[in-house]
Amino acid sequence: MKRTSRAIAAITNCILVVIIAVVGVICFLPRAESVAGLKENVYYRGSSEDGVSLMINVYWGTKEVYGILDVLDEYEAKATFFIGGSWADDNVDCLKEISARGHELGSHGYFHRDQDKLDYAANYQEIKTSVDYISKAAGVEIKLFAPPSGAYNDDTIKAALALNLKTVMWSKDTIDWRDKNKEDCFRRATKDAKGGDLILMHPMAHTLEALPSILQYYRDNGLKPITVGENLGG
């Protein structure tokens, strides 16, 4: 009987410790403050008159990332790489190389989760984990967040704001992850392109093949590839 009582007491204590730990984490989370006009904090376009921004979402394609960096250098173009934390964890040298070549780093979450299915605490943790790792590994401040798959809810926006991040979407999508064709990639990145465009792409082999033609088109039409941060005005 005494052994049973001690076992029950031990289990009860363990449960209490877990409860206290969970409550402690919740208490230290920044509050999900009510924010008027939440959608106004999501950016689908920039404000530059002649600047366009390549948004390169990275969870794979390390070899292609290096190739993209070389092409960007050749055309004296800048881009923003939205980095998946789990990719960065395995590719620190490549992450540092992106920054060293003068490109902007943003967060693309840590595990490519559907942020629209997460509550505030889970959104905050997913984004913060990636921001903490990327900023520490690359030695730069992270100011932008692009939701994986473009999926977000109000809690996503609130969590990003709590972390002083701008939530970024896009005005043009090359859909290069699905349609593995360099002609489609070129067409979607250039059709009716104008200043302020945010152009989504990924480190794919056919995207790398299309990139010189895309950058040449921008050059020929008076458009300058700039970072998303610059396109948003700061």
Side-chain angles (χ1 to χ4, degrees), residues 46 48 50-109 112 130 133-144 146 148 168 170-191 193 195-232:
S48 175
D50 60 357
V52 294
S53 298
L54 299 181
M55 300 174 51
I56 304 166
N57 290 352
V58 184
Y59 267 96
W60 64 76
T62 305
K63 177 182 176 182
E64 285 72 24
V65 170
Y66 280 112
I68 287 171
L69 291 174
D70 289 340
V71 175
L72 291 172
D73 281 352
E74 181 182 348
Y75 283 84
E76 299 180 327
K78 297 302 178 187
T80 299
F81 291 75
F82 286 92
I83 304 296
S86 57
W87 174 88
D89 197 13
D90 295 326
N91 295 275
V92 175
D93 288 343
C94 187
L95 178 72
K96 291 180 178 179
E97 184 69 15
I98 295 170
S99 182
R101 296 210 200 180
H103 302 290
E104 184 177 42
L105 296 176
S107 166
H108 197 39
H112 204 281
S130 70
Y133 186 84
I134 295 166
S135 61
K136 182 176 180 180
V140 296
E141 182 180 2
I142 305 300
K143 299 180 179 180
L144 305 173
V168 182
W170 59 83
S171 61
K172 292 186 180 301
D173 188 355
T174 61
I175 323 178
D176 54 355
W177 59 270
R178 186 191 71 188
D179 302 329
K180 299 175 176 60
N181 182 289
K182 70 176 183 179
E183 284 77 20
D184 285 341
C185 186
F186 171 82
R187 175 174 55 81
R188 290 166 179 161
T190 59
K191 185 178 181 181
D197 270 330
L198 307 178
I199 301 153
L200 180 61
M201 56 180 55
H202 302 78
M204 311 288 291
H206 54 281
T207 305
L208 176 56
E209 290 180 30
L211 189 56
S213 298
I214 293 170
L215 294 175
Q216 187 62 53
Y217 177 92
Y218 295 155
R219 178 178 288 179
D220 292 344
N221 287 272
L223 297 171
K224 181 181 179 182
I226 61 176
T227 65
V228 172
E230 184 178 354
N231 209 332
L232 295 181

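Residues take their numbers from the sequence shown, with the count starting at 1. Hydrogens, waters and symmetry mates play no part in the numbers below; they use all other heavy atoms, side chains included. None of the values given here were measured: they were computed from a predicted structure.
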Could you tell me the separation between the [atom1] atom of [X] and the [atom2] atom of [Y], rounded to the nearest 0.5 Å?
X    : Y    : atom1 : atom2 : answer
F186 : I214 : CZ    : CD1   : 7.0 Å
K182 : L208 : NZ    : CG    : 10.5 Å
I199 : L223 : CD1   : CG    : 8.0 Å
L54  : L215 : CG    : CG    : 6.0 Å
N57  : H202 : CG    : NE2   : 4.5 Å
H108 : M55  : NE2   : CE    : 8.0 Å

Contacts of [X] that satisfy salt bridge (Lys or Arg N to Asp or Glu O under 4.0 Å) - sequence neighbours left out:
X    : value
D184 : R187
D50  : none
D176 : none

For [X], enumerate each residue passing the side chain to side chain donor-acceptor pair (under 3.5 Å) test, keeping only those at least two apart in sequence or located in another chain.
X    : value
T190 : none
N231 : S53
D173 : none
E104 : T80

Step through the shown structure and confirm whether more than 12 heavy atoms of other residues, nucleotides or ligands are within 6.0 Å of CD on E76.
no
Neighbour count >12 (heavy atoms, 6.0 Å) for atom NZ, K172:
yes
Locate the shortest heavy-atom distance separating [X] from [Y]; write the atom from each residue and the value.
X    : Y    : answer
V65  : W60  : CG2-O, 4.5 Å
V92  : A137 : CG1-CB, 4.4 Å
G229 : L144 : N-CD1, 3.9 Å
L95  : W87  : N-CH2, 4.2 Å
F82  : A146 : CD2-CB, 3.5 Å
S171 : D197 : OG-OD1, 2.7 Å

Pairing residues for I142 by the side-chain contact (heavy atoms from CB on, under 4.5 Å) criterion, not counting sequence neighbours
L105, S107, V131, I134, S135, V140, L165
side-chain contact (heavy atoms from CB on, under 4.5 Å) involving K180 - partner list, sequence neighbours excluded
M204, H206
Suppose we screen for ring pair (Phe, Tyr, Trp, His ring centres under 6.0 Å). Which residues come up paired with Y133, at least two apart in sequence or across chains?
none
Quick one: list whatever passes ring pair (Phe, Tyr, Trp, His ring centres under 6.0 Å) with F81, sequence neighbours left out.
H103
Checking the side chain of [X] only, and the main-chain atoms of [Y] only, is there a donor and an acceptor separated by less than 3.5 Å?
X    : Y    : value
Y218 : P225 : no
T174 : L200 : yes
Y66  : E97  : no

Pairing donors with acceptors under 3.5 angstrom, does anything connect the side chains of T207 and W177?
no
Worked verdict on M201 versus I56 for side-chain contact (heavy atoms from CB on, under 4.5 Å):
CA-CA 5 Å; M201 56 180 55; I56 304 166; 3.8 Å; yes
Going by atom type alone, with no hydrogens or angles, which donor-acceptor pairs under 3.5 Å involve a side-chain atom of residues 67-75 and a protein atom two or more places apart or on another chain?
unit_1 : atom_1 : unit_2 : atom_2 : d
D70    : OD1    : R101   : NH1    : 2.8
D70    : OD1    : R101   : NH2    : 3.3
D73    : OD2    : R101   : NH1    : 2.9
Y75    : OH     : P212   : O      : 3.4

